[in-house]
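Each remark here refers to the structure printed beneath this line.
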Amino acid sequence: MTHVRRHAARGALSGVLACAVVAAMAGPAAAEPVAPVVDFNGDGRQDIASGAVWATVGGQLDAGAVTVLYGASGGVSETRRTVVHQGSPGVPGAVEEGDYFGSALAAADLDGDGYTDLAVSAVGEDIAGAQDVGAVTVLWGGPAGLSGGTALWQSPALEELSYFGADVASGDFDGDGHIDVTATAWQGTHTWYGPFDRATGAATNVEEPFGSDWATFTGDLDGDGDAERFYPYPTEGNPDGIAYQDWEDGSAVTRTLDGAVGDAGAVGDVDGDGYDDLVLGDWIDGGRISVWHGGPEGPDPDQTPTVIDQDSPGVPGGTETDDGFGEFVSVADVNGDGYADAAVGTPGEDVGQAEDAGMVTVLYGSPSGLSGAGSQAFTQEVAGVPGAAETWDGFGVAVSLRDVTGDGRADLLAGVPGENLYGAVAYLRATATGVTGTGSVLISARDVGLEGYAGLGFSTDTGAARTGPYGDAAAARAS
């Protein structure tokens, strides 16, 4: 198989596709949940969804599928799962070759019934004879997990090769108490505003005046109750900045974070001050992350961000061309100390003689934010981690920190879409002292019944952005 990189895909999902082969509490004394709950079946345990974009379904190559792994006190297992595709009962569309169902995922309770739902894109969906227009579908949560679905938007007005749904993200963008969804495409960006209805979809939808060709992520960095939408993209006047939309006086306003670089991002309170911070990944030239701290006015564009790479003190490894450190990031509280931590995917890391075997680094938060102090690195050669580091495994493609056991600590889930040529998801449990390889589980595409070179682990769901002030720090500000 070819080098498994989602960034290659962002040039048409496809360097790879064409070859086919919770945010943290607000400080140590806070008592808020780690992140918005992602619970598709409502059993009180958080769940995780992973896309297998190259799965063969009904004989159709690269049709794509989504696997949901349900949380439990012992972690995730292949025995507690749901596999959904466009041939599943109630799911719109049809199983077709090259749809790539599961390209990007965003989890949130869209219809307000207490069960988390899942927005799923299929960037290769053909519409009205137009090739690779793309589509986004909502799969609905319920007591039995995800089932059925509603097509949010399938527009023949988009051009061929738009790859609509290249990325999706969710949050309450306008502060009305309803979760919204945004999606990117080569030809533009679209946002659906809630509430959502299973029969009719979103209450309203708009085409954004600007947006990203591919990436999008969300978070409430100013604690005002609505989530900012980050669309990293260059413009003539701002070639190296990040553009984002905030809500002000009843409408969306555009802001920029000059000097910010990268197109992978996640949000959480890494310094425990009560405001979420932006952890931005930039994979170019070996890769790095930068941390932009939030505050009452949002991220100050004049601040000097914290920049961490594999040459930073305490960070394992060393910066090498094409490592891709920061190509994927996730933020939540791993060790339960009240500070958000960051999982950083490095899918191009060579391990021994295995090229692009991949690695995940965990960086820990503190009163001064993220640093290399106490950081950990995991590959499939680390004791307890199942499998072996092999060429093109891509361990660390699509990383997620989520508490699937209910113990208050966010566990690590890492995609390994090149594993044995059909893909897998690795689960590593969190403890009070950090992530451990002991008791790790590797769930492969074959374990969950997927066929073909499935690419399980290519994508993972992002939970809805947390909004509003929270925890003791927020209370102290209000007093």
Taking atom types as modelled, is there a side-chain donor on Ser103 or Tyr163 under 3.5 Å from an acceptor on the other?
-> no

Minimal heavy-atom distance between Gln376 and Pro316, with the atoms involved, is C-CG, 4.3 Å

>> Is any side-chain heavy atom of Thr218 closer than 4.5 Å to one of Val267?
In response: no

request  = Step by step, work out the side chain to side chain contact (heavy atoms under 4.5 Å, CB included) result for Leu105 and Thr462.
outcome  = CA-CA 6 Å; Leu105 313 170; Thr462 56; over 6 Å; no

Is there a donor-acceptor pair under 3.5 Å between the side chain of Ser77 and the backbone N or O of Thr79? yes

Looking at side-chain heavy atoms only, is the closest gap between Phe217 and Val329 below 4.5 Å?
-> no

In terms of heavy-atom contacts, Ile179 and Ala108 come closest through CG2-CB, 3.6 Å

Checking Thr191, Thr189, Thr184, Thr182 against Glu208 for side-chain hydrogen bond (donor to acceptor under 3.5 Å, both in side chains), the one that qualifies is Thr191

So CD1 of Ile48 and OG1 of Thr67: to nearest 0.5 Å the spacing works out to 11.5 Å

Apply side chain to side chain contact (heavy atoms under 4.5 Å, CB included) to residues Leu413 and Thr460 and explain how you reach the verdict. CA-CA 9 Å; Leu413 294 104; Thr460 190; 5.9 Å; no

**Asked** Distance-only, no hydrogens or angles: does the Thr379 side chain make a donor-acceptor pair with backbone N or O of Glu381 under 3.5 Å?
**Response** yes

With a 4.5 Å heavy-atom cut-off, do Trp192 and Val136 have their side chains touching? yes

Donor-acceptor pair, distance only, cut-off 3.5 Å: does the side chain of Asn335 make one with the backbone of Thr433? no

In terms of heavy-atom contacts, Asn420 and Asp393 come closest through N-OD1, 4.3 Å

| request: State whether a side-chain donor-acceptor pair under 3.5 Å links Thr319 with Asp311. | output: yes

- So, does Arg429 use its side chain to make a donor-acceptor pair with the main chain of Val441 at under 3.5 Å? no

- request: For Asp180 and Phe173, indicate whether the former's side chain and the latter's backbone hold a donor-acceptor pair under 3.5 Å.
  value: yes

Distance col, row Leu401:CG vs Asp411:CG, nearest 0.5 angstrom, shows 8.5 Å

Could you check whether any side-chain heavy atom of Tyr427 comes within less than 4.5 Å of a side-chain heavy atom of Ile443, counting everything from C-beta outward?
no

In terms of heavy-atom contacts, Val38 and Gly463 come closest through CG2-CA, 4.1 Å

Where the side chain of Thr216 meets the backbone of Ala169, is there a donor-acceptor pair that is under 3.5 Å apart?
-> no

Between His293 and the options Asp271, Asp269, Asp276, the side-chain hydrogen bond (donor to acceptor under 3.5 Å, both in side chains) test singles out Asp271

| message | Is the shortest side-chain heavy-atom distance between Thr116 and Asp47 below 4.5 Å? | response | no

d(Asp220 CG, Asp246 CG) to nearest 0.5 Å is 8.0 Å

**Prompt:** Are Ser440 and Phe378 side-chain neighbours, meaning at least one heavy-atom pair lies under 4.5 Å?
**Reply:** no

Is the backbone N or O of Ala215 less than 3.5 Å from a side-chain atom of Asp263, with the two atoms forming a donor-acceptor pair by type? no

* Asked: Any donor-acceptor pair under 3.5 Å linking the side chain of Asp350 with the backbone of Asp356?
  -> yes

Heavy-atom nearest pair, Ala342 first then Val331, reads CB-CG2, 4.3 Å

Contacts satisfying salt bridge (charged side-chain N to carboxylate O under 4.0 Å, His left out) that involve residues 284-310 (not counting sequence neighbours) are Asp282-Arg288

Q.
Determine whether Asp39 and Gln46 satisfy the following criterion, side chain to side chain contact (heavy atoms under 4.5 Å, CB included), listing intermediate values before the conclusion.
A. CA-CA 5 Å; Asp39 186 0; Gln46 294 212 63; 5.6 Å; no

Value for CG (Asp333) from CG (Asp341), rounded to nearest 0.5 Å, stands at 5.5 Å

Q: Check the pair Val68, Val84 against side chain to side chain contact (heavy atoms under 4.5 Å, CB included), reporting the backbone distance first and the verdict last.
A: CA-CA 8 Å; Val68 176; Val84 186; 5.5 Å; no

Requested in this report: Determine whether Leu257 and Leu278 make a side-chain contact, defined as any pair of heavy atoms from C-beta on separated by less than 4.5 Å.
Outcome: yes

Here the gap from Asp226 atom CG to Glu248 atom CD, rounded to the nearest 0.5 Å, amounts to 9.5 Å

Ignoring hydrogens and angles, state whether a donor on the side chain of Thr82 or Tyr70 is under 3.5 Å from an acceptor on the partner side chain. yes

- Item | Check: Asp273 side chain, Tyr275 main-chain N or O, donor-acceptor pair, under 3.5 Å | yes

Going by an N to O cut-off under 4.0 Å, is there a salt bridge joining Glu228 and Arg255?
no

> Would Arg45 and Asp43 pass as an ion pair if we require N to O under 4.0 Å?
Replying inline: no

d(Leu456 CG, Arg446 CZ) to nearest 0.5 Å is 10.5 Å

Can a donor-acceptor pair be found, under 3.5 Å and without considering hydrogens, that links the side chain of Asp323 to the backbone of Phe325? no

Point to revise | pair Leu428-Val385: side-chain heavy atoms closer than 4.5 Å | key: yes

On a heavy-atom basis, the closest approach of Ala389 and Ala354 is O-CB, 3.6 Å

